[in-house]
Asker: 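Sending over a structure as structure tokens; questions will come in a sec.
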Amino acid sequence: MTTQINEQVSVSLAYDANNGKAFPYIMKRKNEVIKFEKLGFHHKVYEGKDLIHYFHLIANGTFFKLRLDTNTLSWRLIEIASPA
Amino acid sequence: MTLPVNQEQPKVMHIDLNSCFASIEQQANPLLRDKPIAVAAYDSPNGCILAPSIEAKRFGIKTGMRVKDAKNLYKGLIVLTPDPPKYRIVQRRFLEIFKSYSPTVSAKSIDEAVIDFHGVKLKKDISEIGIEIKQRIREEIGEWISSNVGISTNRFLAKLAASLHKPDGLDVITHENLIETYKNVGLRDLHGINFRYEARLNSFGIFTPLDFFNAPLTLLKKRVFKGISGYYWYLRLRGWEIDSIDFKRRSFGQSYALKYKTADSKKLYPLLLKLCEKMARRIRKNNLTARGVHVACSYTDGTYWHKGEMSSNALYSTFEFYEKAKEILEKSPQRKSVAKLAVSAYGLVPRTPVQQTLFESKTTKLRILSKALDKVNDMFGEYTIAPATMLGLKSEIIDRIAFGK
């Protein structure tokens, strides 16, 4: 079941110089700390002039879609999906 | 006249992504992997399935089915709505991979492309390059993205080769295995042969691809296709390239399957306007104008109406296209409930700069305004500024995969 959300969250992003990839490894949402297990897909799009990064991740059997606005460096949780 | 089969080394590669949209969704959300899922235009019961996953296809679920019919085949089907930005990014990435092998790459659709290796010095066997490309797609785009590769001497046979072993196959058709390949496929497996062409071929005693291959040139040219097409088929079937021309775009169009069917023109005109805005933006982005507008309606009773008209002036602004499209729509003879609305512009002509004068005409003002609005929407996002008639339509006619934007 997919739920659309638009909630500001705190995220820690790690960058690995060996493979040149960035991975959001922890998210703090309300009082919950979620450690991400796997990055499924990452892509970026221009919304107007703003460069936005989208990360598709899973943790604890739940799917999360995160949005990073490079203009404000703020993170938003925009989608959660739990298994059917 | 008889022509032999092309015996040169195969240098044309056709690649297509397996169950493209569904595989990309499974790549993004690993929890969906190995599950029957489908991407549908709408996730409601009458939504049209755009792409079933490989797992869903095993239950007989096909593109074009309604969601409710697909769920009758597999009750637990997970249905998602499309996310076009992801699909476009994937297309961009795979084209970048292909262009690293040859400058001659043609994107045939959002999930298919052809690489022509003529004139390229190959450092390894072309089949090894095919394997390498499949591997790079998995490594550089996503480990769940699989593809079919077909290799041959022309685009037609390369595409046929790519269809032979799905998913995740790699096949080569050469003069050595061509006849054997034709023995194992049907007429409608050949790209370009639909059920109408099949019936036509059948009427001339051609029932299989092998019959088609063995048919004399004079029969194909003078009787079956009654023209040069017959000669082209004769060449194509023998592995000679005649499809390498990429045709210039002749029209731009937008269509919308209405969520709430209606015959009410007050509800149809804003939708028509939004379709014209999307279409006109694409035309302006390509620095073109158009002289023709075509409007089509598919009705809920299964009937269809369409009309196209040329304008005396070259059309450029959204308002100009909308006025013309509305004028055409008003000519529809019946007021029936519309299921799908489409508008397209044809007669494309490069935009010529307009000489500015002290006293600008309405047309010139509209063009200048259109360019300014495009700049605002490019900078701040689509529909930051939009006609007031489109208020409340944000969730209607959302982004779909037109080929490019």
Side-chain angles (χ1 to χ4, degrees), chain A residues 1-6 11 13 15-25 27 34-72 74-84, chain B residues 21-40 43 71 74-94 96 137-145 373-385 395 398-399 405:
Chain A
M1 164 111 179
T2 303
T3 310
Q4 306 293 331
I5 294 174
N6 186 14
V11 174
L13 179 78
Y15 172 73
D16 185 340
N18 291 327
N19 61 22
K21 292 197 177 262
F23 179 68
Y25 64 96
M27 175 179 77
I34 292 157
K35 203 173 168 192
F36 293 117
E37 294 152 20
K38 188 174 171 62
L39 172 66
F41 194 71
H42 160 241
H43 71 281
K44 48 190 195 250
V45 291
Y46 277 95
E47 290 173 8
K49 64 173 179 22
D50 298 330
L51 180 61
I52 308 295
H53 287 253
Y54 287 98
F55 295 88
H56 302 75
L57 303 132
I58 55 167
N60 306 324
T62 302
F63 166 78
F64 299 87
K65 185 172 176 182
L66 290 178
R67 180 184 187 273
L68 169 64
D69 182 336
T70 60
N71 203 31
T72 59
S74 62
W75 289 86
R76 287 197 164 268
L77 173 66
I78 57 169
E79 198 176 300
I80 290 185
S82 45
Chain B
F21 296 178
S23 296
I24 293 169
E25 294 298 342
Q26 288 173 315
Q27 172 61 44
N29 182 352
L31 300 173
L32 297 176
R33 297 178 189 182
D34 291 316
K35 291 187 177 146
I37 75 156
V39 177
D43 54 8
K71 284 192 172 179
Y74 184 77
K75 199 176 162 191
L77 181 71
I78 299 166
V79 180
L80 306 170
T81 50
D83 185 8
K86 280 208 293 284
Y87 314 146
R88 290 196 186 97
I89 294 289
V90 166
Q91 192 215 27
R92 206 173 297 158
R93 288 184 191 173
F94 77 59
E96 276 166 15
I137 287 172
R138 287 192 187 271
E139 284 169 4
E140 296 175 36
I141 303 176
E143 71 273 15
W144 200 254
I145 312 289
L373 293 178
D374 283 348
K375 278 189 182 161
V376 171
N377 288 324
D378 285 343
M379 184 163 272
F380 297 104
E382 293 292 332
Y383 312 116
T384 298
I385 297 185
S395 61
I398 50 182
D399 188 17
K405 198 163 186 165

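Within every chain, numbering begins at 1; the chains are lettered A, B, ... in the order of the sequence lines, protein sequences first and strands thereafter.
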Asker: Heavy-atom distance under 4.5 Å to chain A: side chain of B:Glu143, backbone, both or neither?
Answerer: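 Side chain only.
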
Asker: With sequence neighbours excluded, what pairs up with B:Glu96 under the side chain to side chain donor-acceptor pair (under 3.5 Å) test?
Answerer: none

Asker: Going by side chain to side chain donor-acceptor pair (under 3.5 Å), name the residues that satisfy it together with B:Arg92, two or more places apart in sequence or in a different chain.
Answerer: none

Asker: Whether the side chain of A:Asp16 engages the backbone of A:Asn18 through a donor-acceptor N/O pair (distance < 3.5 Å, no angle test) should be reported.
Answerer: yes

Asker: Tell me, out of A:Phe41, A:Tyr54, A:Tyr46, A:Phe55, who's got the most heavy-atom pairs with chain B below 4.5 Å.
Answerer: A:Phe41

Asker: Under 4.5 Å heavy-atom distance to chain B, tell me which part of A:Lys44 shows up: side chain, backbone, both or neither.
Answerer: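 Only the backbone of A:Lys44 comes within 4.5 Å of chain B.
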
Asker: Heavy atoms only: give me the nearest A:Lys38-A:Phe23 pair and the separation to one decimal.
Answerer: C-CE1, 3.9 Å

Asker: With a 4.5 angstrom heavy-atom cut-off, is it the side chain or the backbone of B:Asp83 that approaches chain A, or both, or neither?
Answerer: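 For B:Asp83, the side chain is the part near chain A, not the backbone.
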
